[in-house]
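In what follows, a structure is listed as structure tokens, so that the remarks can point back to it.
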Number of protein chains: 2
Amino acid sequence: MKNKQNRLNAIKFIIANERIGNQEELLKRLYAQGFDLTQATLSRDLKQLKVAKTAASDGSYIYILPSSPLYKRITKGKLVHEDQVRSGFVSISFSANIAVIKTRPGYAGGIAYDIDEHDLPPVLATVAGDDTILLVIRENYTHHAVKQHLETIIPEMKIM
Amino acid sequence: MKNKQNRLNAIKFIIANERIGNQEELLKRLYAQGFDLTQATLSRDLKQLKVAKTAASDGSYIYILPSSPLYKRITKGKLVHEDQVRSGFVSISFSANIAVIKTRPGYAGGIAYDIDEHDLPPVLATVAGDDTILLVIRENYTHHAVKQHLETIIPEMKIM
DNA sequence: CACGATTATTTATAGATATGCAAAAATGTT
DNA sequence: AACATTTTTGCATATCTATAAATAATCGTG
């Protein structure tokens, strides 16, 4: 229980199994396991492990491990272009706070899924049928803004 | 560009599209977009949005959004929201006369059915997809009123 | 519109985290 | 082993973030 690798493993284990809210807490847990280090070192360890701190649902904060592929993708930032929507897009039109996207039969669900995934700011939500997507627009966004955002994931839309 | 919801959306958009390393930076970007707030408020916003701060691969720190269900599950640790598991309800948000209710996949139909059954005064109609319900609100009902009525049949909604 | 209740915000500050620098270990090289 | 090189660490502190308390704004209802 002496070298750095062991310590890193211990940190991962503790964070995975307990709700740790700050470094002092974690330091105590580590000390209880025979690891003697300072907050400065722990800060560097957490940086190296890419541990993240976020709000928990109970109002406190909690450290989390980057264990999921999705999370990893996010931590690397800039990931948008990886998977663009295959073509299936047919048309888009608007009525007040609703956009209606027509697709080729069967494509609505997939495209709606992709739109949802991207969490575009003007998009409150989507509902898909077989060849139609209803998209609810957030307040204070123009139709044009919606279109612009959608174009980042549905390039075919640009030529319209 | 004035209310809190707009600001939260702006924060999400900025974080999704830029590499933000601390709150002062984000504050400047928000100010450039016409949002005037203090670091204290921003800290609370980030807490509410469950934005996480983690190390980036280039040695700096970066804020990330909890955009994936997987990530959300992680942030909640092992105490996976029993509420949601039980009812299927995930979230509710509004845009003018539409309420959008997010559910766990497959639950939308069931919950929409329950809502219809109750004939709540503010509810004109519902349409359900797989994990989303669009609820059309009758005129002269506030968002808050809708929420209160729904809470009578979806108690889990209260914690939001 | 006025009042009570809730939500949002600021200020001031406490609390938590990151880091420059120097020292100490560890590792590698001849 | 002696020396150079790289890695790890602690100390002290700067930087960054969260929050209590007070105030302001907003909402819902009579």
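Proteins come first, then strands; the chains are lettered A, B, ... in the order of their sequence lines, and each starts at number 1.
Within the 4.0 angstrom heavy-atom criterion, only backbone atoms of the sugar-phosphate kind lie near B/L37; the bases stay farther away.
Here the side chain of B/Y61 is nearest to one of C/dT9, C/dA18, D/dA18, namely C/dA18. Distances from the side chain of B/S43 to the nucleotides C/dT17, C/dG20, D/dT19 place D/dT19 closest. Minimum atom distance to the side chain of A/N22 is reached by C/dA16, of the listed C/dA16, C/dT11, C/dT19. Relative to the side chain of A/Y63, the nucleotides C/dT17, D/dC16, D/dT9 differ in distance, and C/dT17 lies closest. The side chain of B/T142 has D/dG28 as its nearest neighbour among C/dT9, D/dG28, C/dT17. For B/K4, counting side-chain heavy atoms from C-beta on, the closest listed nucleotide (C/dT9, C/dA18, D/dT17) is C/dT9. When distances are taken from the side chain of A/Q23 to each of C/dT17, D/dA21, D/dT17, the shortest belongs to C/dT17. With D/dT9, C/dA18, D/dA21 as the candidates, the nucleotide lying closest to the side chain of A/R7 is D/dT9.
Distance NZ (B/K147) to P (C/dT6): 13 Å, rounded to an integer number of Å. The interatomic distance linking A/L42 (CG) with C/dT17 (P) rounds to 9 Å, in whole Å. When the P atom of D/dC16 is taken as reference, atom CZ of B/R44 falls 19 Å away, rounded to whole Å. Between the CD atom of B/E24 and the P atom of D/dT17 there is a distance of 8 Å, given to the nearest Å. Atom-to-atom, NZ of B/K47 to P of C/dA8 comes out at 14 Å; the value is rounded to the nearest Å. Per the geometry, CG belonging to A/D45 stands 16 Å off P belonging to D/dT7, to the nearest Å. In this structure, the CD atom of A/Q39 is 11 Å from the P atom of C/dT19, given to the nearest Å. What separates CG of B/L8 from C1' of C/dT7 is a distance of 13 Å, to the nearest Å.
Ring pair B/H149/B/Y141 is perpendicular by interplanar angle, where above 60° counts as perpendicular and below 30° as parallel.
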Please step through side-chain contact (heavy atoms from CB on, under 4.5 Å) for the pair B/L30 and B/L42, ending with a clear verdict. CA-CA 10 Å; B/L30 285 166; B/L42 181 54; 4.1 Å; yes
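In this structure, A/I98 and A/V136 have side chains that are in contact, with non-hydrogen atoms separated by less than 4.5 Å.
Regarding contacts with the backbone of D/dG10, a side-chain N or O of A/T38 is found under 4.0 angstrom from either OP1 or OP2. The shortest distance between the side-chain N/O atoms of A/T41 and the OP1/OP2 oxygens of D/dG10 is below 4.0 Å.
With the nearest nucleotide of DNA chain C identified for both B/D36 and B/G59, B/D36 has the one nearer the 5' end. Map A/Q48 and A/A40 each onto its nearest nucleotide of DNA chain D; the residue landing nearer the 5' end is A/Q48.
The CZ atom of A/R7 lies 4.0 Å from the CG atom of A/D45; values are rounded to the nearest 0.5 Å. The distance from atom OG1 of B/T132 to atom CG of A/L134, rounded to the nearest 0.5 Å, is 11.0 Å.
Under the 3.5 Å distance criterion, the side-chain polar atoms of B/K50 are left unmatched by any main-chain donor or acceptor of A/T54.
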